[in-house]
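Along the sequence shown, the residues carry numbers beginning at 1.
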Amino acid sequence: MTRAAYAAGGVAGLMILVGLAVWQFRPMIMIGVNYKAKVLCSSVFVSGRAPEDVLNEDLFVDGYELLSYFKAEIDRTAKTVSVSAMGLWPRVAVFRSGLGCVLALDETPASLQTKRPSVTAFPQPSRATNELWPEGDRVNLRALSSDVDREALAGAMNSAFSETDPARLQ
């Protein structure tokens, strides 16, 4: 046998091993594709975040590095996010106004966007400032337990809800 025949056999064997490995890890790859599509859709269309921020801060952290190999495409007109693993097992997450994002598993994205839920959504609170939460924005601090550190709570609330950069809301 020639050297070229051995090389071709080796390449073919390697391709078979890679194919078997991809097939063996298919369930985990599909979970990653679904996860990336759903998180990216919700972050962009529900939270209004920049896609590059989501990809760099949320989807490329410890344990999620492999998600960077899954290609994502955002269609802002159709309000969908499509993700696939090297073209395999594509998934689409669809934004539906007032409902958030959902994966299009058994339906087309277009049919999901026109489909109305069979349950009624909770009515939106009036957000009147003089009403107690959850109907309004007011909180009765006197109703807190006496062992609550009110200064620490106020500091945490200010830190959590203050906007440091109006161009990039948290």
Side-chain angles (χ1 to χ4, degrees), residues 11-12 14-129 131-139 157 159-170:
V11 169
L14 183 61
M15 289 175 60
I16 290 171
L17 284 174
V18 168
L20 289 172
V22 167
W23 187 256
Q24 179 68 31
F25 292 107
R26 180 179 50 90
M28 287 183 277
I29 293 170
M30 291 175 71
I31 289 170
V33 167
N34 288 327
Y35 179 78
K36 186 170 184 175
K38 173 66 172 74
V39 168
L40 194 53
C41 183
S42 294
S43 298
V44 170
F45 295 117
V46 176
S47 300
R49 295 180 60 202
E52 54 275 2
D53 290 346
V54 179
L55 293 169
N56 293 329
E57 296 169 13
D58 298 355
L59 295 174
F60 192 73
V61 293
D62 294 339
Y64 295 116
E65 293 88 358
L66 291 177
L67 294 178
S68 66
Y69 295 105
F70 301 160
K71 183 180 177 191
E73 293 179 12
I74 299 171
D75 184 339
R76 291 191 180 273
T77 304
K79 295 192 176 180
T80 61
V81 174
S82 303
V83 177
S84 70
M86 298 177 288
L88 301 173
W89 305 293
R91 287 290 188 251
V92 178
V94 178
F95 171 75
R96 299 191 306 166
S97 183
L99 299 172
C101 292
V102 65
L103 290 168
L105 299 176
D106 297 328
E107 297 185 50
T108 65
S111 70
L112 276 172
Q113 286 175 325
T114 59
K115 188 177 185 180
R116 291 295 119 216
S118 59
V119 296
T120 58
F122 290 110
Q124 293 296 315
S126 66
R127 288 292 174 218
T129 56
E131 304 245 353
L132 284 175
W133 184 88
E135 287 78 22
D137 290 334
R138 195 166 58 88
V139 176
M157 296 295 286
S159 173
F161 293 104
S162 65
E163 295 294 349
T164 57
D165 183 358
R168 292 184 62 214
L169 299 177
Q170 297 181 5

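Scanning all heavy atoms of the two residues, the minimum distance from Phe70 to Lys36 falls at O-NZ, 2.7 Å. Between Asp75 and Thr77, the closest heavy-atom pair is OD1-N, 3.0 Å. The minimum heavy-atom distance between Ala37 and Arg91, with the atom names listed, is CB-O, 4.4 Å. Closest non-hydrogen pair, Pro109 versus Val92, comes out as CG-CG1, 3.7 Å. Scanning both residues, Phe95 and Gln113, for their nearest heavy atoms gives O-NE2, 3.7 Å. In this structure, Val94 and Cys41 approach most closely via the heavy-atom pair C-SG, 3.9 Å.
Counting heavy atoms from C-beta on, the side chains of Asn34 and Trp89 never come closer than 4.5 Å. Between Ile74 and Arg76 the shortest side-chain heavy-atom distance falls below 4.5 Å. You'll find the side chain of Ser111 reaches within 4.5 Å of the side chain of Thr108, heavy atoms only.
Qualifying ring-ring contact (aromatic ring centres under 6.0 Å, His included) partners for Tyr35, counting only residues two or more places apart in sequence or in other chains: Tyr64. In this structure Val102 satisfies the side-chain contact (heavy atoms from CB on, under 4.5 Å) test together with Arg96, Leu112, sequence neighbours excluded.
Atom SG in Cys101 sits 10.0 Å away from atom NZ in Lys79 (nearest 0.5 Å). Considering OG of Ser82 and NZ of Lys71, their distance stands at 10.0 Å, rounded to 0.5 Å.
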Check step by step if side chain to side chain contact (heavy atoms under 4.5 Å, CB included) holds for Arg49 and Asp58.
CA-CA 11 Å; Arg49 295 180 60 202; Asp58 298 355; 2.4 Å; yes
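Of the residues Leu59, Leu55, Leu40, the one that meets the side-chain contact (heavy atoms from CB on, under 4.5 Å) test with Leu67 is Leu59.
Looking at Ser47, its side chain never comes within 3.5 Å of a backbone N or O of Val44 through a donor-acceptor pair. Judged purely by atom type and a 3.5 angstrom limit, Ser43 uses its side chain to pair as donor or acceptor with the backbone of Val39.
Residue Asp165 qualifies as enclosed at atom CG: its count of foreign heavy atoms under 6.0 Å is above 12. The environment of Met30 atom CE is dense: over 12 non-hydrogen atoms of other residues, nucleotides or ligands sit within 6.0 angstrom.
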